[in-house]
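Step one of this worksheet: look at the structure below.
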Amino acid sequence: GWCGGVEGQLYQTTNGGADWVRRAFGFGGTLMDIDFPVGSDTGFCTGFTGKVKILTSSGLTSVNLQGYVSNIYSVSCIDNKHAFVAGEEIIGPVTNGIFMIDQTYPGTNGIYAIDMVDTLLGWCVGSPTAAGSFDSSGCMIIKTTDGHIWEDQVNPVRGKYGTLMAVKALN
């Protein structure tokens, strides 16, 4: 397993968490999320100032974000060649290490979490107002079958506590 966080330090365990070893390669900023596809030892990690990196036990490889520099809060891996990242004002697929800003979705100033079932189906949650605004009505969006357009869904929470921070599909 892997863990990381503030200052971008990465730690790896190979014995179920009995020992955590700090890896010599740092993320280079605050690390926000790590995800690996089932059965793969190659995954992705995301963080502040537009960082998305491919993670293996031998090191990190940067994904070219085409100049995008806002915070990337979440990543969801589908397989070892496909992942989706989400963050401040962005949702985007990464395919074979290449990031594409090709998604359209309802206006929002903060996507905090993404979970993809496959390349066509997944959910994002966050805030439709200023990122992190406490009085947000929240947002929940689902990807449609065309692989590009996201549509609103009903947010189960409205009002003062409406910003949604996490989402996970069971199947």
Side chains of residues 22-31: which donor-acceptor partners sit under 3.5 Å, not counting sequence neighbours?
{"from": "R22", "atom 1": "NE", "to": "Q9", "atom 2": "OE1", "distance (Å)": "2.4"}
{"from": "R22", "atom 1": "NH2", "to": "Q9", "atom 2": "OE1", "distance (Å)": "2.3"}
{"from": "R23", "atom 1": "NH1", "to": "Q12", "atom 2": "OE1", "distance (Å)": "2.7"}
{"from": "R23", "atom 1": "NH2", "to": "S57", "atom 2": "O", "distance (Å)": "2.5"}

Residues T49 and N71: closest non-hydrogen pair is N-OD1, 3.0 Å

Smallest heavy-atom separation, N15 atom then T13 atom, equals OD1-OG1, 2.9 Å

Taken to the nearest 0.5 Å, the spacing of L10 CG from K53 NZ works out to 9.5 Å

Should F44 and I54 be marked as a side-chain contact (heavy atoms from CB on, under 4.5 Å) after you check the CA-CA gap, both sets of side-chain angles, and the distance that decides it? CA-CA 5 Å; F44 287 81; I54 299 168; 3.6 Å; yes

Q.
With clusters defined by side-chain heavy atoms of hydrophobic residues (ILVMFWY) lying less than 4.5 Å apart, directly or transitively, does M165 cluster with Y73?
A. yes

Distance col, row E151:CD vs I141:CD1, nearest 0.5 angstrom, shows 10.0 Å

Heavy-atom check, side chain of F84 versus side chain of I78, under 4.5 Å = yes

Applying a strict under-4.5 Å side-chain criterion to I, L, V, M, F, W and Y, I'd like to know whether I34 and M32 cluster together. no

Between the CD1 atom in I91 and the CD1 atom in I101, the distance rounded to the nearest 0.5 Å is 12.0 Å

Quiz item: Side-chain contact, heavy-atom cut-off 4.5 Å: L60 with C45?
Solution: yes

Rounded to the nearest 0.5 Å, the CG atom of D33 sits from the CD1 atom of I72 at a distance of 11.0 Å

On a heavy-atom basis, the closest approach of V117 and A169 is CG2-CB, 3.9 Å

Tracing side-chain contacts under 4.5 Å among Ile, Leu, Val, Met, Phe, Trp and Tyr outward from V21 reaches none

Would you indicate whether the side-chain heavy atoms of L164 and Y112 approach each other to under 4.5 Å? no

Interatomic distance, CG@D35 vs CG@L55, rounded to 0.5 Å, equals 11.0 Å

When every non-hydrogen atom of G122 is compared with those of W150, the smallest separation belongs to O-CZ3, 3.5 Å

* Asked: side-chain contact (heavy atoms from CB on, under 4.5 Å) between K168 and W123: does it pass, once the steps are laid out?
  -> CA-CA 8 Å; K168 183 67 181 167; W123 290 265; over 6 Å; no

Minimal heavy-atom distance between Q103 and G92, with the atoms involved, is CG-CA, 4.1 Å

Going by chain and number, the hydrophobic cluster around W20 (ILVMFWY, side chain to side chain under 4.5 Å) further includes Y11

Would you say V85 and I90 make side-chain contact, with heavy atoms under 4.5 Å?
no

>> Starting from V75, can I reach W2 by hopping between I/L/V/M/F/W/Y residues whose side chains sit under 4.5 Å apart?
In response: no

Open item on the list: Take a 6.0 Å sphere around CD of Q66 and say whether it holds more than 12 heavy atoms from other residues, nucleotides or ligands.
Closed with: yes

Measuring only between side-chain heavy atoms, which start at C-beta, is H82 closer than 4.5 Å to P93? no

d(I114 CD1, K143 NZ) to nearest 0.5 Å is 8.0 Å

In short, M140 meets V125 closest at the heavy-atom pair CE-CG1, 4.0 Å

Report task. Ignoring hydrogens and angles, tell me if any N or O in the side chain of T42 forms a donor-acceptor pair with the backbone of N80 under 3.5 Å. Result -> no

